[in-house]
Amino acid sequence: MNAEIIPFSADVADRASDEPALVVDVEGFEGPLDLLLTLARQQKVDLARISILALADQYLAFIEAARKLRLELAADYLVMAAWLAYLKSRLLVPDSNAPEGQTAEDMATALAFRLKRLEAFREVAQKLMERPRLGRDVFDRGDPEPIAEIRHPQYTATLYDLLSAYASQRSRQALSHVRFAPRKVWSLAEARETIERILGEVAETEWGRLDEFLVRYFVDPEMAATVTASSFAATLEMVREGVMEIQQHTAFSPIYLRKRRAAAGASASPQGETTQ
Amino acid sequence: MVSSAAKRVISEDGESEMKTNARPDEVRILEALLFASKEPLDEKTLSARLPAGFNLKAALAALQEEYAARGVNLVRLGNKWAFRTASDLSWLLTKEQVETRKLSRAAIETLAIIAYHQPVTRAEIEDIRGVTISKGTIDVLLETGWIRPRGRRKVPGRPLTYGTTEEFVSHFGLEQLSDLPGLEELKGAGMLDGRLPPNFSVPVPSDDPALREDEDPLEPGDLDYGLAPRPTSEE
Amino acid sequence: MVSSAAKRVISEDGESEMKTNARPDEVRILEALLFASKEPLDEKTLSARLPAGFNLKAALAALQEEYAARGVNLVRLGNKWAFRTASDLSWLLTKEQVETRKLSRAAIETLAIIAYHQPVTRAEIEDIRGVTISKGTIDVLLETGWIRPRGRRKVPGRPLTYGTTEEFVSHFGLEQLSDLPGLEELKGAGMLDGRLPPNFSVPVPSDDPALREDEDPLEPGDLDYGLAPRPTSEE
């Protein structure tokens, strides 16, 4: 809608000359009741004693003026116009034969009440907005001091949690020991480490019997085979490296070993207790 | 009145010491709590930090009186308490003013009708204003935090009822809702009983969250509607 | 100086009234400015916002003295001024909150070993569990209050020995520690595997605080380690 302004001539005669002419911007009204209230104020009388008939006339004249200017009017305004026209006709021509019910006077009183009520709420709305307001007239603490939260952890665990945790880890650990405790294999590395230690214990030139050195490792009969195999393999490796010498006279006869002499090129023959 | 005996002060390391100080420590605590907070505090929150048996109401009254002449006043807002700058000093504090969205005339009127006539339905607001309320008006008011949907009226269609919040009371500096300006005149002129059957007593606005006889509680999901509160049933 | 005329006070109903009070206006103004400011204010800023001729230093001094005995003090922070909670009341600005936490699997397993095998060192726990224990696990258990360092084992490195506390017994609803179920009961409850090796045993737990033969008492300072209990000597 255009911002057209309609001078509202119907009212001009009643107004003091120094007052500005009532300008009616249809868009500025908050509905027909608001428009009626604005018009009513022009009567400059208490709303309780207002002439509803005169008010209806003013309203209808306004609507007529707006129509002439081809202003679009919301349906609300037209409904009110129709209702006021009806009210006006009933006020002017009372129907004495009408059945009991709402009289034209009741209707007029109801309208006056609504206008009065709207005005009353407008007044208190104004008063409310004029109160000293927070952030406009009064202020709260600008720099509030925050409340620090200190968290106290409270741990929870049930006896069941505790017992099942105990039992399950003890079982787990016990069963894993059962599975892995007996070592059934003597590794090459273990064999070599042992032989090196044995060699360190014997005198330089002495030949020694391998099975005698290892006797303490044969206590567990299950270990005999793996100990023999690994230690023999380890000795061969050490001979190849030139760390020691080894001899065996016949198959399955005892194996002798001794440290290799550092400088001497020739190897001495085994000691007397061995048989050539 | 607050006990005037020497007060036990709990010092930072938790030990007690006697302090000779004319000002009772309970009052100092009350002062500190209310001063530190931006939000109004209710009496329950305050009591939690004070010794059992402490006469909180008397202390608040005394503190309020003590601060009445100062630049900062202790004010009661509904059932909460807060320090606020004295309203006559607003001219000094322009820098602190917060930009507030200017409310439309429709929003201001709607707010006033909700405040003075609560609990009130949208249809009742429309009846008073003689015009339908645009969806945006209620949205804007909900956004201010000053109004809230509070229940459903026990009438066909079960429309939402609206009322004001604690923020409303705090923003407009009301000690209680019955301090709304002009309320008495409005009530006396019968402006608040327009729609009610004649045998009903004149209703007084109340933000008491307790539902009235003709209100049902909100249902789950109603508060989601809160921001778009035009239940079709209300039309 | 600000006009000393009687002030216009906007009372609650929005009307004006004359108020006569002995309190100088300067102090009220300063009070309100400092209260409402979002940050501490320096004297230059304060002066700029106050009427010309205002005796700022005098007003600040007066206000500071006036608030000295209160729960809120006017304090100088560098060259700025602000209201702050009195330092002896700073405990008011904390809110203690209990937060429930569940113990981790590792923590509860460690706790169980300590309960049954106490007094026990960290290395011994690791030996029983077959896994190393992180420092945090012992820390958390010390935080629960359910375990305590109780002595030092008489072995090289003199590691701490741990045992359970009375809180442990009461938390788990035991009358005494020896009420913890033994081997047969654990088997009966189906918690222990039936295929355990024959030498498997479950100790009869005891939290007798008396030191064992292989324990030395804690040394001064050991309990300070309590909350960060990995003395390097234990490694």
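Convention: sequence-line order gives letters A, B, ...; per-chain numbering from 1.
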* Take atom CD of B/Glu167 as the centre, draw a 6.0 Å sphere, and report whether it contains more than 12 heavy atoms from other residues, nucleotides or ligands. => yes
* Around C/Lys44, counting heavy atoms of other residues, nucleotides and ligands shown, do more than 12 lie under 6.0 Å from its NZ? -> no
* Value rounded to 0.5 Å, distance of OG1 in C/Thr85 from CD in B/Glu31 -> 10.0 Å
* To do: Answer yes or no: does atom NZ of C/Lys102 have more than 12 heavy-atom neighbours from other residues, nucleotides or ligands under 6.0 Å?
  => no
* What is the ring orientation for C/Phe83 with B/Phe35, classed by angle as parallel under 30°, tilted 30 to 60°, or perpendicular over 60°? -> perpendicular
* Would you give the length of the straight line joining atom CZ of C/Arg28 to atom CG of B/Leu92, rounded to the nearest 0.5 angstrom? => 10.0 Å
* Structure fact -> In terms of heavy-atom contacts, B/Leu89 and C/Ala32 come closest through CD1-CB, 3.6 Å
* C/Gln176, CD atom: more than 12 neighbouring heavy atoms under 6.0 Å -> yes
